[in-house]
Amino acid sequence: MKIASWNVNSLNVRLPHLLQWLQSAQPDVVALQETKMEDAKFPDTAIAESGYRSVFSGQKTYNGVAILARRHAIEDVQAGIPGFADEQKRVLAATIAGVRIVDVYVVNGQAVGSEKYDYKLRWLAALHDWLKEEIARHPKLVVLGDFNIAPDARDVHDPVVWNDDSILTSTAERAALQRLYALGLHDSYRLLHDEGGAFSWWDYRQAGFRRDLGVRIDLVLASDALHASCVAAMIDREPRTWDRPSDHTPVLLELG
DNA sequence: ATGGTGGCATGGCCA
């Protein structure tokens with residue numbers, strides 16, 4: 001089973017890219033982030049014509065998450081973190097082919113010390129507490145999405161720029177990610193690749209992609225129970241080369 | 001140091 005995550009930065013704009021990519025990559029499950037659309041406007045018909053069922057939790061302008069699946073039913077759908085009041089649509093969970101899928105669009109945080117940064121850390125703490133229960137209920141768990149955290153120095157183009165005090169790489173953000181790892185969740189890309197320099201997001205500004213000034217912040221975490229089934233992990237850079245791309249590119253995990 | 005680009009919405013926020 002091929003499981004993918006992609007922050008599309010507006011599904012309105014990126015729907016043609018998504019459909020083209022579904023056709024070429026043939027993933028079984030796709031978690032989308034930043035759909036930026038209300039549920040009533042979700043293009044489930046166009047996506048169904050490509051062979052995928054979809055569930056979604058969106059809002060106008062900001063945030064928004066969706067899960068697509070082909071062949072298998074999408075069951076036991078849950079939007080948001082239970083018990084954590086949040087107007088922002090950032091979480092969607094569902095069970096597909098016996099695997100619990102948790103799609104997350106983690107808060108960006110803007111700048112270390114800002115109000116949004118505090119919200120990011122509170123949000124990650126709530127996510128941790130919920131996932132602790134979720135993994136007990138569903139040992140076969142995949143948590144994937146835009147984490148807005150680069151796990152370590154290999155995951156940034158320049159560790160001097162992206163340092164302990166920078167947003168996306170600060171000590172507290174990385175500690176929050178380590179707490180998720182401590183639940184028995186593993187960065188599947190790192191299970192299978194040691195080398196650095198493989199990125200999933202490049203700033204639109206300053207020709208970030210052309211100069212490969214990226215960071216790896218889109219992650220697929222797999223639980224202990226799935227560890228032995230992780231047969232391939234990859235980042236597909238191609239959609240980032242297309243005309244008018246998302247600033248993120250898809251990341252994938254193949255379970256054997 | 002500041003602002004650079006893109007999306008949404010049409011002035012300013014968010015990333």
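The sequence lines fix the lettering, A, B, ..., with proteins before strands; numbering per chain opens at 1. Given the structure is predicted, the values throughout are model-derived calculations rather than measurements.
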How long is the line joining [atom1] of [X] and [atom2] of [N], in whole Å?
X: A:Asp247; N: B:dG7; atom1: CG; atom2: P; value: 9 Å
X: A:Tyr105; N: B:dC14; atom1: OH; atom2: P; value: 11 Å
X: A:Arg210; N: B:dG6; atom1: CZ; atom2: P; value: 13 Å
X: A:Tyr119; N: B:dC14; atom1: OH; atom2: C1'; value: 13 Å
X: A:Tyr62; N: B:dA15; atom1: OH; atom2: P; value: 8 Å
X: A:Arg205; N: B:dT5; atom1: CZ; atom2: P; value: 9 Å
X: A:Gln110; N: B:dG12; atom1: CD; atom2: P; value: 17 Å
X: A:Lys60; N: B:dC14; atom1: NZ; atom2: C1'; value: 16 Å

Quick one: on DNA chain B, does A:Asn63 or A:Pro245 contact a more 5' nucleotide (nearest heavy atom)? A:Pro245

Nearest-nucleotide check on DNA chain B, A:Thr35 vs A:Asn148; residue mapping nearer the 5' end is A:Thr35

Counting any heavy atom closer than 4.0 Å, what does A:Arg211 reach on the DNA or RNA strands: base, sugar-phosphate only, or nothing? nothing

Within the structure shown, what part of the strands sits under 4.0 Å from A:Phe209 by heavy-atom distance: base, sugar-phosphate, or nothing? nothing

Charged N to carboxylate O below 4.0 Å: is that the case for A:Asp76 and A:Arg137? no

Looking at A:Ile167 and A:Trp162, what are the two nearest heavy atoms and their distance? O-CZ3, 3.3 Å

Taking every heavy atom of A:Asn163 against every heavy atom of A:Thr169, the minimum-distance pair comes out as O-OG1, 2.7 Å

If you only use heavy atoms from C-beta on, which nucleotide in B:dG3, B:dA15, B:dC8 is closest to the side chain of A:Gln206? B:dG3

Starting the side chain at C-beta, find the nucleotide from B:dC8, B:dT5, B:dG3 nearest to A:Asn12. B:dC8

side-chain N/O A:Arg244 vs B:dT5 OP1/OP2, d < 4.0 Å: no

Using a cut-off of less than 4.0 Å, is there contact between a side-chain N or O of A:Ser10 and OP1 or OP2 of B:dG6? no

Which whole number of Å gives the distance between the P atom of B:dT2 and that of B:dG6? 23 Å

Determine the Euclidean distance between corresponding C1' atoms of B:dA15 and B:dG3; express it in Å to zero decimal places. 15 Å

Quick one: does any side-chain atom of A:Tyr189 pair with a main-chain N or O of A:Val220 as donor and acceptor, under 3.5 Å? no

Which pairs of donor and acceptor atoms, one on a side chain in residues 227-236 of chain A, lie under 3.5 Å apart (sequence neighbours left out)?
| residue | atom | partner | partner atom | Å |
| --- | --- | --- | --- | --- |
| A:Asp236 | OD1 | A:Glu238 | N | 3.1 |
| A:Asp236 | OD2 | A:Trp21 | NE1 | 2.8 |

